[in-house]
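Note sheet for the following structure.
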Amino acid sequence: MKILLAGLLSTVISFGASAETWKFASEEDRNDVQDIFAQTFADTLKKESNGDIRVKIYYYGQLGTENDIVELTANGTVQFVSVGTGHLGSYIPEVQALSVPYVLGTDTDTVRKVLTGSKTIYNDLADRFEAANLKLLTMISEGEMAWGANKAIRSPEDFAGQKIRTFTSTIPVKTYETFGATPTPLSWGEVYGALQLKAIDGMVNPIYFIYNAKWHEVQDFLMFPGQQPYVGTVSTNSKWFNDLPKDKQEMVLKAINVAEQAAHDYQLKINKENMDKIIAERPNMTVVTLNAEERARFKELSKDLHATYYDIVENAYSGAEKATARDNAKKILENLIKEVKEAS
């Protein structure tokens, strides 16, 4: 009996010693799309490793700002991070091609095909991620970005005088300047109060997030401009991942694929459900879908943002690298547009 107990104790100690805890930091909160991704990722890794690998998830604000959690992953304090392309663009400026409006469009199947399989994203940008000590694992759509306001916005003229909350990165700010609005970058935790106090007039986000953040309570109009989805990215620390044994790398990649499917299914479901909830709770809410002619005006204006993207990339480099960086940015955007067209 003593020998048996000693053997069992040795096994327990051995199991405890071999167990690992990996950190996953998200820019979003519980029950948001990135949370469903992270939870599924964690559950799959736990199952595939027979409990030897656990994933601890950190939510919005627990480890700092969106830029903070990318930096924590780049320096190896955190193993995985999920943020939107705008925030990741501070580290890999070329990835902001995905933030340029009317590049991806909003067709669900086309967007998903490009975000998960683009050679431009996963091959041409690989060395840029590596330079930041990051490895891109996947991208996910969180649904079409809708505009919120207290009046109908169907044209650039309608944006005049409107203070629109945007994300803090350059492309979103320049987008709404180009569209005729006054962009006002704010962290999402500040938006409800700013809308309520009329410090800002409107905002832009996927429907599921608008409902979860209760922004529909302080907006009277929702517009669907067919502009772009909110794109979330999932990256890991490159050196850490490359040093993993082959079997653990395969576990990670399998868990990423399972989590991407779960997040895709969830965003379709939650965007529809939350739109229904908004209408039920705000029956006087006016919902506007821009027609082809109205979208065409914004799409034409957005072409000016291509040069803005080239400028952002060029300015991230110094000296002799600038011209090459600008040329590469142009190739990336053109190839991405081509891939979207081929996928549609």
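- Here CG of D35 is found 9.0 Å from CZ of F24. Values are rounded to the nearest 0.5 Å.
- Under 4.0 Å is where a charged nitrogen must lie from a carboxylate oxygen, and between K331 and E334 no such pair does.
- Between the side chains of N205 and Y230, no donor N or O sits under 3.5 Å from an acceptor N or O.
- To the nearest 0.5 Å, atom OH of residue Y211 and atom CD1 of residue I207 are 12.0 Å apart.
- Atoms CG and CG, from N75 and L134 in turn, are 10.0 Å apart once rounded to the nearest 0.5 Å.
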Check step by step if salt bridge (Lys or Arg N to Asp or Glu O under 4.0 Å) holds for K254 and E48. CA-CA 9 Å; K254 179 174 182 178; E48 291 295 314; 3.0 Å; yes
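- Residues T40 and D43 bring no donor and acceptor atom of their side chains to less than 3.5 Å of each other.
- The aromatic rings of Y176 and F179 stand perpendicular to each other, their planes meeting at an angle above 60°, with 30° marking the opposite boundary.
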Quick one: do D311 and R326 satisfy salt bridge (Lys or Arg N to Asp or Glu O under 4.0 Å)? Show the steps, please. CA-CA 7 Å; D311 290 343; R326 189 178 185 90; 2.6 Å; yes
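- Although no hydrogens or angles enter the test, the distance criterion places a donor-acceptor pair under 3.5 Å between the side chain of S141 and the main chain of G143.
- Side chain to side chain, E28 and W188 fail the donor-acceptor criterion of an N or O pair below 3.5 Å.
- With salt bridges taken as basic N to acidic carboxylate O contacts below 4.0 Å, none links E190 and R165.
- In this model, no donor atom of one side chain and acceptor atom of the other lie less than 3.5 Å apart for T233 and T85.
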CA sep, side-chain torsions, deciding dist, call: L125, I332, side chain to side chain contact (heavy atoms under 4.5 Å, CB included): CA-CA 8 Å; L125 293 182; I332 287 165; 3.4 Å; yes
Using salt bridge (Lys or Arg N to Asp or Glu O under 4.0 Å), reason through E260 and R112 one step at a time and then give a plain yes or no. CA-CA 10 Å; E260 186 278 329; R112 188 185 186 198; 2.8 Å; yes
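- A side-chain N or O of Y208 and one of E142 form a donor-acceptor pair less than 3.5 Å apart.
- Rounding to the nearest 0.5 Å places CG of L333 at 12.5 Å from CG of N328.
- Residues E217 and R282 are not paired through a salt bridge, judged by the lack of any N-O separation under 4.0 Å between the basic side chain and the carboxylate.
- Here the CD1 atom belonging to I270 is positioned 9.0 Å from the CG atom belonging to D32, to the nearest 0.5 angstrom.
- Annotation: the span from E94 atom CD to L336 atom CG amounts to 13.0 Å, rounded to 0.5 Å.
- Within 6.0 Å of CD in E293 there are 12 or fewer heavy atoms belonging to other residues, nucleotides or ligands.
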Verdict with supporting geometry, D265 and Q261, side-chain hydrogen bond (donor to acceptor under 3.5 Å, both in side chains): CA-CA 6 Å; D265 293 343; Q261 181 69 58; 3.0 Å; yes
Set out, in order, the CA-CA distance, both residues' side-chain angles and the distance that settles side chain to side chain contact (heavy atoms under 4.5 Å, CB included) for L45 and W22, then state yes or no. CA-CA 10 Å; L45 271 177; W22 296 348; 3.7 Å; yes
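- For the residue pair N212 / N31, no side-chain donor-acceptor distance below 3.5 Å is found, with atom types taken as modelled.
- R297 and E157 are joined by a salt bridge, as a carboxylate oxygen and a charged side-chain nitrogen come within less than 4.0 angstrom of each other.
- When all heavy atoms of P225 and M223 are compared, the closest pair comes out as CD-O, 3.3 Å.
- The nearest pair of heavy atoms linking Y102 to G226 is CE2-O, 3.2 Å.
- Two different hydrophobic clusters hold V234 and V70 under the rule that ILVMFWY side chains link at heavy-atom gaps under 4.5 Å.
- Using a 4.0 Å cut-off between charged nitrogen and carboxylate oxygen, K303 and E300 count as a salt-bridge pair.
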Step-by-step side chain to side chain contact (heavy atoms under 4.5 Å, CB included) determination, I140 to V231: CA-CA 6 Å; I140 54 175; V231 177; over 6 Å; no
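- Environment of NZ in K322: crowded, with over 12 heavy atoms of neighbouring residues, nucleotides or ligands closer than 6.0 Å.
- Between the side chains of D52 and S49, no donor N or O sits under 3.5 Å from an acceptor N or O.
- No hydrogens or angles considered: a donor-acceptor pair under 3.5 Å links the side chains of S187 and Y60.
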Would F129 and S235 satisfy side chain to side chain contact (heavy atoms under 4.5 Å, CB included), going step by step from the backbone distance to the final call? CA-CA 9 Å; F129 277 86; S235 302; 4.0 Å; yes
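- Using modelled atom types and a 3.5 Å distance limit, the side chains of Q34 and S82 yield a donor-acceptor pair.
- With no hydrogens or angles considered, a side-chain donor-acceptor pair links D68 and T65 at under 3.5 Å.
- Residues Y58 and L63 share a closest heavy-atom pair of CG-CD1, 3.5 Å.
- Checked against the 6.0 Å centroid criterion, the rings of F41 and F80 qualify as a close aromatic pair.
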